[in-house]
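Atom set for the values below is all heavy atoms of this structure, side chains included, hydrogens, waters and symmetry mates excluded. Not measured: the values here are computed from a predicted model. Lettering follows sequence order; numbering is per chain, from 1.
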Amino acid sequence: MSFWIKIKNGIAANLSKILNKEVFAKELVLTPNQEMGDLGWPIFALAKELGRNPAELAKEIAKKYPTENNIKAKATGPYLNFVINKKYLAKNIIKEIEEQKEKYGHNENLKNKKIMVEFAHPNPFKSFHIGHLRNILLGESIVRVLEAQGAKVIRTNYQGDIGMHIAKCLWSFQKIDSKDYPTTTDLKVALLGKCYAEGSQAFENIPEAQAEIKEINKKIYSGEDEKIKNLWTLGKNWSLEKFHEIYQRVYSHFDCEYMESEMITDCREYIKQAEVKGILEKSDGAIVFKGEKHGLETRVFLNSEGLPTYEGKELALAYREFSDFGKIDLCIHNVAVEQKSFFAATFKVEELLDEKRFKGKQYHNAYEFVGLKKGKMSSRLGNVILGNDILNEAKENIKKIIAEKNNSLGDDKIEIIAVAAVKYAFLKISAFKYLAFDMEESINLSGNSGPYILYTYARIQSIFKKIINHKTLIINTDFEKLSDTREFSLIKKLAIYSEIIEAATKNYDPSEIAKYIYELAQMLNDYYHAIPILQADEETKNARLALLNSISQVIKNGLGLLGIEVVEEM
RNA sequence: GCGCCCGUAGCUCAACUGGAUAGAGCGUCUGGCUUCGGACCAGAAGGUUGCGGGUUCAAGUCCUGCCGAGCGCACCA
């Protein structure tokens with residue numbers, strides 16, 4: 001348990017004793033400013049319950065509060081506020097960070113929990129676009145946040161390698177002579193994209209083509225046509241090759257990559273079981289789930305041509321996911337909000353099918369959609385923004401800035417900064433907010449941005465480089481020397497870090513962490529400008545270095561949870 | 001038409017899940033490198049939180065009615 005939580009628990013325990021009534025630590029709020037103290041407890045509710053005037057009651061409780069040296073109670077109007085001794089907090093927090101280092105802020109709330117996070121979900125034969133990018137960045141961060149709370153996390157990715165979109169692509173792709181196949185990954189996926197666009201156009205405009213495409217789709221499902229099967233395998237491998245490049249580029253990996261095509265056989269058995277149990281029923285030649293009696297919509301599981309739909313295949317996936325890695329406590333499906341009714345229905349069917357296995361263990365993390373600020377994105381029309389294009393664009397912009405400064409920086413570092421810029425731009429916005437993407441505006445390199453935070457971090461490292469053996473100085477720090485109010489604000493900010501991780505877990509929303517690190521970086525930059533570090537007398541300097549060391553550790557930890565790497569210089 | 005989500009500064013977003021004076025960035029204007037890194041910092045302008053009603057000590061946050069946008073409404077994934 002973090003030192004900060006201990007302080008809050010201690011105050012809550014004291015209040016509980018005085019009032020003979022349970023007071024919870026989470027009722028304590030941060031004060032808006034330093035003069036009011038550090039933590040506050042609004043006592044309106046209690047005053048009302050006792051029929052008392054809140055301000056008078058606050059004074060009375062403050063008087064009864066035990067007089068400790070380190071935490072003092074005082075009444076501020078209808079709030080009971082607590083003042084924490086600065087040196088006491090500084091010493092303990094800095095010590096805690098020094099000891100726990102990259103584990104600082106972590107907890108064991110999810111110890112012994114096995115959680116599967118299913119994310120990324122690109123479709124082979126189609127492009128990895130901006131929506132997939134938001135998905136993978138969010139998913140990767142959620143995984144890290146859960147791990148920081150002690151959970152054992154299994155990373156999975158479910159990729160749609162079957163269906164009409166592929167049939168449309170292959171319809172056009174089969175006409176290309178293998179001698180004309182491109183050699184680079186980028187050209188290969190570009191070709192698949194072009195074929196898909198052509199196939200889609202043909203499907204809409206040419207009746208014969210439509211029939212041919214439907215035929216190809218059936219052949220893909222049956223796997224009996226060698227030629228189609230080979231083309232399908234080839235195209236899929238091209239796509240996966242590209243996807244893996246991207247996963248690596250954003251520091252993601254998966255314990256298991258499920259393919260939709262792997263589900264088409266097994267799912268028939270589960271659909272049949274569900275039909276026998278009366279969960280699914282026949283309707284117009286299809287087998288459907290009539291969700292209305294559960295307040296849901298009707299969804300098709302097996303279509304009238306006898307092919308399993310996405311819903312049908314989901315049943316087989318669920319059984320795989322809940323058995324391949326032993327018993328799991330929770331499966332988080334990181335999928336955009338548009339699939340909400342799809343998941344509501346499939347979760348219900350799974351629950352009715354096998355309550356013990358699935359009930360309460362499936363969760364759809366319905367994050368919001370990414371769209372374009374200008375125009376509409378459509379892979380059919382070819383105006384999609386690719387995940388890689390965004391990263392490349394950010395990289396070019398960073399190169400430009402470096403060139404303007406006449407600096408030089410290795411490509412590996414520029415890449416890290418570019419990835420940081422893009423990741424931060426996506427993750428700083430709440431996952432539950434529609435993201436209107438605009439290339440120029442969305443990837444900031446200054447202000448509230450990834451590079452700003454990396455710059456702040458690099459700046460601290462730069463100070464350390466000027467000191468020899470600064471780490472050994474921290475042990476004997478005189479914390480009394482940290483007397484500036486900015487220093488205390490920084491220490492308090494460091495103290496609450498563990499609570500931020502908990503907040504990010506509650507809604508599976510890493511934007512809490514992004515916001516926190518930004519504020520911390522901002523406070524540091526202000527401090528950096530106002531207070532000299534290296535010019536201070538020896539003891540003060542050491543105390544300030546100890547503080548800087550803690551700040552840089554927390555920035556690094558927080559960025560780590562967002563899936564962002566740091567650079568020592570930039 | 002029904003269901004879900006949303007509406008906060010010119011733009012993009014915060015507001016610790018009902019608490020104290022609604023805050024940041026971008027953009028605009030002003031100032032700051034002879035000082036630990038100017039991808040920085042300080043300051044200014046910018047708000048009837050879409051509109052109306054309600055709940056209570058307290059509402060951007062909760063309930064309700066409008067207005068507006070997005071997503072979803074069975075054989076795509």
Side-chain angles (χ1 to χ4, degrees), chain A residues 26 29-33 36 40 42 44-45 47-48 54 76-79 81 121 123 126 160 162-166 217 260 283-291 295-305 307 309-311 313 336-342 344-345 366 368-369 371 373 398 401-402 404-405 407 417 421 425 428-430 432-436 438 440-442 444-449 451-452 454-456 458-467 496 499-500 503 506-507 511-512 515-516 518-519 522 525-526 528-536 541 544 548 569-570:
Chain A
K26 63 173 185 179
V29 296
L30 288 175
T31 56
N33 64 56
M36 294 175 180
F44 299 101
K48 197 180 175 190
T76 310
Y79 286 83
N81 289 350
H121 309 123
N123 294 325
K126 290 180 90 174
I162 196 157
M164 283 301 282
H165 67 284
I166 291 163
N217 191 38
E260 204 174 320
S283 175
D284 289 340
I287 295 180
V288 308
F289 173 60
K290 298 243 168 160
L296 305 170
E297 290 165 358
T298 292
R299 312 282 311 198
V300 174
F301 279 65
L302 197 68
N303 70 22
S304 49
E305 296 195 32
L307 297 180
T309 62
Y310 193 43
E311 285 81 347
K313 287 170 262 189
V337 67
E338 51 185 342
Q339 307 280 13
K340 208 164 181 170
S341 60
F342 162 83
E368 263 291 350
F369 212 79
K373 206 169 165 188
I398 290 162
I401 291 175
I402 292 166
E404 280 165 16
K405 291 180 196 304
N407 281 352
I417 299 166
K428 75 173 175 181
I429 295 168
S430 159
F432 308 102
K433 205 119 190 172
Y434 175 82
L435 199 159
D438 180 283
E440 289 99 69
E441 288 176 28
S442 297
N444 285 350
L445 303 177
S446 63
N448 186 355
S449 72
Y452 172 89
L454 292 190
Y455 178 74
T456 309
R459 216 176 201 187
I460 301 176
Q461 307 319 308
S462 174
I463 291 181
F464 288 147
K465 276 180 203 146
K466 296 185 164 58
I467 300 290
I496 65 168
E499 288 188 306
I500 301 300
K506 206 155 66 179
N507 298 326
S511 69
E512 298 274 356
K515 190 179 54 173
Y516 169 86
Y518 172 64
E519 286 167 357
Q522 225 178 6
N525 277 317
D526 174 26
Y528 177 94
H529 275 274
I531 307 291
I533 313 288
L534 297 177
Q535 283 92 331
K541 182 173 84 180
R544 288 176 180 166
L548 284 193
E569 57 177 357
M570 61 187 275

Engineer: Say we look at B/G43 and B/G53: how far apart would their C1' atoms be, to the nearest angstrom?
Structural biologist: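 Per the computed distance, 42 Å lies between those C1' atoms.
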Engineer: Establish, from distance only, whether the side-chain atoms of A/Tyr452 and A/Asn444 form a donor-acceptor pair under 3.5 Å.
Structural biologist: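 No, A/Asn444 and A/Tyr452 have no side-chain donor paired with an acceptor closer than 3.5 Å.
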Engineer: Are A/Glu338 and A/Phe369 close enough, and set up right, to give a side-chain contact (heavy atoms from CB on, under 4.5 Å), and what steps lead you there?
Structural biologist: CA-CA 8 Å; A/Glu338 51 185 342; A/Phe369 212 79; 3.4 Å; yes
Engineer: Does OP1 or OP2 of B/C16 have a side-chain N or O of A/Lys26 closer than 4.0 Å?
Structural biologist: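 Result: no.
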Engineer: Which residues pass the salt bridge (charged side-chain N to carboxylate O under 4.0 Å, His left out) test with A/Glu499, sequence neighbours left out?
Structural biologist: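 A/Glu499 satisfies salt bridge (charged side-chain N to carboxylate O under 4.0 Å, His left out) with A/Lys8 once adjacent residues are dropped.
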Engineer: With heavy atoms under 4.0 Å as the rule, sort A/Phe289 into base, sugar-phosphate or nothing.
Structural biologist: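 Nothing, no heavy atom under 4.0 Å.
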Engineer: I'd like the P distance from B/C6 over to B/G23, given in whole Å.
Structural biologist: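 That atom pair is separated by 23 Å.
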Engineer: Judged by modelled atom types alone, do A/Tyr516 and A/Glu512 share a side-chain donor-acceptor pair under 3.5 Å?
Structural biologist: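 No.
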Engineer: Across the strands shown, which category fits A/Asn81 at heavy-atom distances under 4.0 angstrom: base, sugar-phosphate, nothing?
Structural biologist: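 A/Asn81: base contact, heavy atoms under 4.0 Å.
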Engineer: Please determine whether a side-chain nitrogen or oxygen atom of A/Lys466 lies at a distance below 4.0 Å from atom OP1 or OP2 of B/C36.
Structural biologist: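 False: A/Lys466 side-chain N/O out of range (4.0 Å or more) of B/C36 OP1/OP2.
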Engineer: What string of B, S and - do you get for nucleotides 72-77 of chain B, 5' to 3', if B is base contact, S is sugar-phosphate-only contact and - is no contact with any protein heavy atom under 4.0 Å?
Structural biologist: SSBBSB
Engineer: Base, sugar-phosphate alone, or nothing: which one does A/Ser430 contact when heavy atoms must sit under 4.0 Å apart?
Structural biologist: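 Here A/Ser430 touches the backbone only, sparing every base.
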Engineer: Side chain of A/Asp526 only, please: which of B/C41, B/A24, B/C13 is the nearest?
Structural biologist: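 Nearest to the side-chain atoms of A/Asp526, counting from C-beta on, is B/C41.
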Engineer: Using the C1' atom on both, measure B/C5 against B/A74 and round to a whole Å.
Structural biologist: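 So the two C1' atoms sit 23 Å from each other.
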Engineer: Does A/Tyr455 reach a base, just sugar-phosphate, or nothing at all? Heavy atoms under 4.0 Å.
Structural biologist: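 Result for A/Tyr455 = base.
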Engineer: Please give the distance between the P atoms of B/G3 and B/U64 as a whole number of Å.
Structural biologist: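 My reading of the P atoms in B/G3 and B/U64 gives 12 Å.
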Engineer: Roughly how far, to the nearest 0.5 Å, is the CG atom of A/Asn81 from the OG1 atom of A/Thr76?
Structural biologist: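 Between atom OG1 of A/Thr76 and atom CG of A/Asn81 there are 4.0 Å.
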Engineer: Could you work out the separation of B/C29 and B/G68 based on their P atoms and round it to a whole Å?
Structural biologist: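 Taking atom P in both B/C29 and B/G68, they lie 37 Å apart.
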Engineer: Does the ring of A/Phe44 lie flat against the base of B/G19, closer than 5.5 Å centre to centre with planes under 30°?
Structural biologist: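 The ring of A/Phe44 is stacked on B/G19.
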Engineer: Does B/C36 have its OP1 or OP2 closer than 4.0 Å to a side-chain nitrogen or oxygen of A/Lys465?
Structural biologist: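 Checking B/C36 against A/Lys465, no side-chain N or O comes under 4.0 Å of OP1 or OP2.
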Engineer: Of the listed nucleotides (B/A20, B/A42, B/G38), which one gets closest to any side-chain atom of A/Tyr528?
Structural biologist: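 Nearest listed nucleotide: B/G38.
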Engineer: With the stacking rule set at 5.5 Å and 30°, tell me whether A/Tyr79 counts as stacking on B/A20.
Structural biologist: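 It does: the two rings, one from A/Tyr79 and one from B/A20, meet the stacking criterion.
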Engineer: Is the shortest side-chain heavy-atom distance between A/Lys541 and A/Ile467 below 4.5 Å?
Structural biologist: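 Yes; the side chains approach each other to less than 4.5 Å.
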Engineer: Quick one: label A/Gly40 by what it contacts on the DNA or RNA (base, sugar-phosphate, nothing), any heavy atom closer than 4.0 Å.
Structural biologist: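 Counting heavy atoms under 4.0 Å across all strands, the contact made by A/Gly40 includes a base.
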Engineer: Can you check whether A/Ser449's main-chain N or O pairs, donor with acceptor, with A/Lys428's side chain at less than 3.5 Å?
Structural biologist: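 Judged by distance alone, no pair lies under 3.5 Å.
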Engineer: Do A/Glu311 and A/Arg299 meet the salt-bridge criterion of a basic N to acidic O distance under 4.0 Å?
Structural biologist: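 Between A/Glu311 and A/Arg299 there is a salt bridge, with a charged N closer than 4.0 Å to a carboxylate O.
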Engineer: Using the side-chain heavy atoms of A/Leu534, tell me which of these nucleotides is nearest: B/A20, B/G7, B/C36.
Structural biologist: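 The nucleotide sitting nearest to the side chain is B/C36.
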Engineer: Using whole Å, what does the distance between atom P of nucleotide B/A24 and atom CD1 of A/Ile429 come to?
Structural biologist: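 Interatomic distance, CD1 of A/Ile429 to P of B/A24: 19 Å.
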Engineer: Roughly how many Å apart are B/A59 and B/U49, using the P atom of each and rounding to a whole number?
Structural biologist: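 My reading of the P atoms in B/U49 and B/A59 gives 12 Å.
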Engineer: From the set B/C41, B/C36, B/G37, return the single nucleotide nearest to any side-chain atom of A/Gln535.
Structural biologist: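 Closest of the options to the side chain of A/Gln535: B/C36.
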Engineer: I'd like a table of atom pairs between the protein and nucleotides 26-28 of chain B - only N or O on both sides, under 3.5 Å - with the distance next to each one.
Structural biologist:
none

Engineer: Describe the nucleic acid contact of A/Ile531 in one word from base, sugar-phosphate, nothing, applying a heavy-atom distance below 4.0 Å.
Structural biologist: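 It contacts base atoms.
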Engineer: Less than 4.0 angstrom between a side-chain N/O of A/Lys433 and OP1 or OP2 of B/G7, yes or no?
Structural biologist: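 So the side chain of A/Lys433 is within the cut-off, an N or O lying under 4.0 Å from OP1 or OP2 of B/G7.
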Engineer: Please check the phosphate of B/G25 (OP1 and OP2 only) for any side-chain N or O of A/Gln522 closer than 4.0 Å.
Structural biologist: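 Yes, A/Gln522 has a side-chain N/O under 4.0 Å of OP1/OP2 on B/G25.
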Engineer: Check if the side chain of A/Asn525 and the base of B/A42 share a donor-acceptor pair of N or O atoms closer than 3.5 Å.
Structural biologist: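 No.
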Engineer: With the side chain of A/Lys48 defined as its heavy atoms from C-beta on, choose the nearest nucleotide among B/U56, B/A20, B/G70.
Structural biologist: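 My answer, after comparing the listed nucleotides, is B/U56.
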Engineer: Whole angstroms only, please: what is the NE2-C1' distance between A/His529 and B/G43?
Structural biologist: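 For the pair A/His529 NE2 and B/G43 C1', the rounded distance is 14 Å.
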Engineer: May I ask you to verify if any side-chain N or O of A/Lys515 is less than 4.0 angstrom from the OP1 or OP2 atom of B/A15?
Structural biologist: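 Affirmative; the distance criterion is met.
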Engineer: Can you check the distance between B/U30 and B/G19, where both ends of the measurement are the P atom (answer in whole Å)?
Structural biologist: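 Rounded to whole Å, the distance is 40 Å.
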Engineer: Base, sugar-phosphate or nothing for A/Ala458? Non-hydrogen atoms, less than 4.0 Å.
Structural biologist: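 Base contact.
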Engineer: Indicate whether any N or O donor in one side chain lies under 3.5 Å from an N or O acceptor in the other, for A/Asn303 and A/Thr309.
Structural biologist: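 No - no donor-acceptor pair under 3.5 Å links their side chains.
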